[in-house]
Amino acid sequence: MATADPFEVRMRFSSQLQHLNASTTSAQKAAQYALKYKDMDEDLHSCILEQLEKTTMNTRANIMYFLEHLLEMASKERQNDYVRMMQRDILRVVDAVCPEDGSGAANVKVVRKVLQGLMNKSILLEQTVTEIEGCLKERDTSADHGFSSPANGEEIARPRSTTNGAAPTASRLDKRQIEQRIEEDRERHKRMRESMWAVPSNLEAEALKFLEETSDWGEDDRIQLQEEQEEFLATIENAPTCQHHHRGPQNQNGSSSH
């Protein structure tokens, strides 16, 4: 089997990162590609950092979501080199996704969500996430710039001015990028709601097993149902009759009015 050309692998991986969107499929596909060429993990890791520092803010947010998929899959497959390198460079990643100049304020919530997920999966230490949170508070200059929720997605994230009043070097999002970000966030919220209502596969299997083990409707079931119905009807017939409806309306001294 011929060895894959490192340059071609890097170019294809870069293209996948540049075309990531809100779908889980695109993130998983890119993660699987990185794991397939795990012998080039250092080169592909540097490719991730390069794309984070040169692409649009929307793409950086998508790459951030992709990282959670990659690190979770790498951890499960015991490909610890990807995990180790990302633990080492996580601050550089955060600086790229939401820079200090405020141009990435719309991505702060994205970073928080992914960091929380990585901490819950024991990929990042709680201390590390806490320290990064201190930096994020200073960069979250917009509170809600519109991209973290489609409800107020019409607003435009405006980069913060530098200390000398000059505009930051990072380019602002154009109208097309804003609309794309709103649509992608809307898609993520939709998937999140769907996952909340999804039935776990083990519960579905248990339900099917219970259904298979349940006997068919038979004569015994019919007799039991008839007995329960008769018992219910007897209870109703023997219940004491309420006398309130047989009495006329009373006046203030308690006597019936005619």
Side-chain angles (χ1 to χ4, degrees), residues 1-99 104 106-126 128-129 132 136 147 177 180-181 183-185 187-188 191-192 194-195 198 201:
M1 182 178 177
T3 304
D5 177 27
F7 178 77
E8 183 180 355
V9 171
R10 183 183 179 94
M11 291 298 293
R12 288 187 176 181
F13 187 56
S14 296
S15 177
Q16 288 183 335
L17 294 178
Q18 292 168 4
H19 292 89
L20 286 171
N21 52 44
S23 73
T24 303
T25 303
S26 69
Q28 291 178 338
K29 183 178 179 181
Q32 290 168 353
Y33 188 88
L35 293 174
K36 177 181 179 181
Y37 295 101
K38 55 182 179 293
D39 55 323
M40 305 179 191
D41 52 10
E42 290 189 10
D43 196 28
L44 296 184
H45 176 78
S46 67
C47 186
I48 294 172
L49 298 178
E50 177 183 301
Q51 292 300 317
L52 279 172
E53 294 171 349
K54 65 183 285 188
T55 54
T56 66
M57 285 299 165
N58 286 353
T59 304
R60 297 183 198 192
N62 289 333
I63 293 176
M64 193 71 194
Y65 281 116
F66 149 78
L67 288 177
E68 186 172 5
H69 287 280
L70 172 62
L71 298 179
E72 181 180 10
M73 293 170 64
S75 180
K76 288 181 178 178
E77 297 185 17
R78 300 188 182 280
Q79 302 296 333
N80 295 324
D81 285 340
Y82 277 117
V83 176
R84 176 183 54 78
M85 289 186 289
M86 194 54 61
Q87 290 171 335
R88 179 195 68 200
D89 295 330
I90 190 61
L91 287 177
R92 181 176 174 183
V93 170
V94 172
D95 285 341
V97 180
C98 45
N107 287 342
V108 170
K109 288 187 177 181
V110 174
V111 173
R112 281 176 174 150
K113 182 179 182 299
V114 173
L115 292 182
Q116 188 67 36
L118 294 176
M119 184 184 74
N120 293 340
K121 296 177 177 69
S122 301
I123 294 174
L124 290 180
L125 296 175
E126 181 179 356
T128 301
V129 175
I132 296 176
L136 292 177
F147 295 137
Q177 292 172 335
Q180 177 187 352
R181 180 60 175 272
E183 184 59 33
E184 289 179 347
D185 279 344
E187 180 65 23
R188 288 194 181 94
R191 288 204 325 272
M192 187 183 301
E194 290 174 349
S195 64
S201 57

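With no hydrogens or angles considered, a side-chain donor-acceptor pair links Ser23 and Asn21 at under 3.5 Å.
The side-chain contact (heavy atoms from CB on, under 4.5 Å) test with Val93 is passed by exactly one of Ile63, Ile48, Leu67: Leu67. Remark: of the listed residues Val83, Ile132, Leu118, Leu118 is the sole one forming a side-chain contact (heavy atoms from CB on, under 4.5 Å) with Leu124.
Residue Cys47 comes nearest to Phe13 through the heavy atom pair SG-CD2, 3.9 Å, listed as atom of the first residue, atom of the second, then distance. Smallest separation of non-hydrogen atoms from Ala61 and Val110: O-CG1, 3.9 Å. The shortest heavy-atom contact between His69 and Ala27 is CD2-CB, 3.5 Å. Shown here for Leu70 and Ala34, the closest heavy-atom pair between the two residues is CD1-CB, 3.9 Å.
Taking OH from Tyr65 and OG1 from Thr24, the interatomic distance works out to 11.0 Å, rounded to the nearest 0.5 Å. To the nearest 0.5 Å, the span separating CD on Glu68 from CE on Met73 amounts to 12.5 Å. A distance of 12.5 Å separates CD of Gln16 from CE of Met11, quoted to the nearest 0.5 Å. One distance of note links NZ of Lys29 with CG of Leu20; it measures 10.5 Å at 0.5 Å rounding. A distance of 8.0 Å separates CD of Gln87 from OG1 of Thr128, quoted to the nearest 0.5 Å. Once rounded to the nearest 0.5 Å, the distance linking CZ of Phe66 with OG of Ser26 reads 10.0 Å.
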Verdict with reasoning, Lys113 to Met64, per side chain to side chain contact (heavy atoms under 4.5 Å, CB included): CA-CA 10 Å; Lys113 182 179 182 299; Met64 193 71 194; over 6 Å; no

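In this structure, Arg12 places its CZ atom where only 12 or fewer heavy-atom neighbours from other residues, nucleotides or ligands lie under 6.0 Å away.
With respect to the salt-bridge test (charged N to carboxylate O, under 4.0 angstrom), the residues Arg60 and Glu53 do not qualify.
A 4.5 Å side-chain heavy-atom check between Val94 and Leu136 finds at least one atom pair inside the cut-off. Contact of the Leu17 side chain with the Thr59 side chain is not registered, since no non-hydrogen atoms from C-beta on lie closer than 4.5 Å. You'll find the side chain of Met119 stays beyond 4.5 Å of the side chain of Leu125, heavy atoms only. By the 4.5 Å heavy-atom criterion applied to side chains, Leu44 and Val9 are counted as neighbours.
A donor-acceptor pair under 3.5 Å is absent between the side-chain atoms of Asn107 and the main chain of Cys98, judged by distance alone. Judged by distance alone, the side chain of Thr55 and the main-chain N or O of Gln51 form a donor-acceptor pair under 3.5 Å.
Annotation: side chain to side chain donor-acceptor pair (under 3.5 Å) contacts involving residues 31-46, sequence neighbours excluded, comprise Arg10-Asp43, Arg10-Ser46, His45-Asp89. Pairs of residues two or more places apart, or lying in two chains, that qualify as salt bridge (charged side-chain N to carboxylate O under 4.0 Å, His left out) and include a residue from residues 70-85 are Glu72-Lys76, Asp81-Arg84.
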